Amino acid sequence: MSTLSLFAPAPGNALTLDEGLIALPGLALPYASALAQAVQDIVQEAPWRHMQVPSGHRMSAAQSSCGQLGWISDEQGYRYSPIDPQSGSAWPALPLVFIDLLAQIAEESGQGPFLPDTCLINYYDEQAHMSLHQDRNERDLQHPIVSVSLGREALFLWGGATRKDSVRTLRLRDGDVLVWWGPSRMNFHGIRRLEGPAHPLWGSGRVNLTFRRAG
Ligand code: SIN
Ligand code: FE2
C-alpha cells in the first residue's frame, strides 16, 4: 500500500492528488470554533446515532445530518430523507459558517460553486472506522463531494473506481479539505482509523463533514 503524501503542505494551497481529487490542507482551520459551535447546535436537534446497514451491522461511526436532506440507513437500505426518522422532523438547516466555508473551498479549488442540499456529519471515536465504499446514493453524480476533517488525525483510504483497485492512504489532519468529482467521483474511500494525540477542541474524536447535492 503506498501513501499519498501532502508534501510540505502550505495552508490554502490546492494540491492535486489524483485525477479529480484536490486537497486543501488546513483550509478550515480559521473556522474551527464557529464550526464546533455549529456542529454542537446541529446535534442538539439531530443527535448522533449509529445507523444500521441493510445487513444488520451497526456502523461504528456515529452520524447526523443537516440541510434539506439527510443520509439514512436501515434494514430497508441506504437513502436520503427530508425527515430525520429519529425526531420525526426536518433536519437542521445548513449553518451559515458551512456556507461561508464552502464559498472559500469553491474559490480555492476552482470546482464550485457548490450547491449542497445536505451535509452528512460523521463522528469517529477511537474504535470507529469506515469501510471502503462509494458515495452513490446521490441522484446526480455530476456533483462533487466536499469533505472537511476536524479534530484528530485519521488515515483516509483512497482507492479507485472498482473494489479491486489498489488503495492508498492519506493522513487527514484537522482543517484539511478534500474535493472529489468527475473522474474520481465514484472512487472507493474509507477511514482506516484515528491516529495521533487528542485535539484541544474536539478531544479524542474526529468529525468529518461531507457536503453533497443529493436530491
Ligand atoms: C465518508 O466517506 O462519508 C466519510 C469520510 C471521512 O470521514 O473522511
Ligand atoms: Fe463516503
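On a predicted model such as this, the values are computed, not experimentally measured, just so you know. Both ligands and their constituent atoms are indexed starting at 1 by order of listing.
When the Fe ion (ligand 2) is compared with the N/O/S atoms of D135, atom OD1 turns out nearest.
The N122 neighbourhood of ligand 1 comprises atoms 1 (C), 3 (O), 4 (C), with distances under 4.0 Å to a heavy atom of that residue. Which parts of ligand 1 touch Y124 is read off a 4.0 Å heavy-atom cut-off, strictly below it: atoms 4 (C), 5 (C), 6 (C), 7 (O).
Here the CZ atom belonging to R152 is positioned 14.5 Å from the CG atom belonging to L201, to the nearest 0.5 angstrom. In this structure, CD1 on I22 lies 11.5 Å from CD1 on I105, to the nearest 0.5 angstrom. The structure places CG of L69 at 12.5 Å from CZ of R79, a figure rounded to the nearest 0.5 Å.
For the residue pair N122/Q63, the side-chain donor-acceptor check at 3.5 Å is satisfied. When only modelled atom types and interatomic distance are considered, N208 and S147 share a side-chain donor-acceptor pair under 3.5 Å.
Using a 4.0 Å cut-off between heavy atoms, H129 makes no contact with ligand 1 at all.
Remark: ligand 1 and H133 share an N or O pair separated by less than 3.5 Å (distance only, no angle test). At least one N or O atom of H189 sits closer than 3.5 Å to an N or O atom of ligand 1. Checked by distance only, ligand 1 and T210 stay at 3.5 Å or farther apart across all their nitrogen or oxygen atoms.
Put simply, the side chain of Q68 does not reach to within 4.5 Å of the side chain of T118, judged on heavy atoms.
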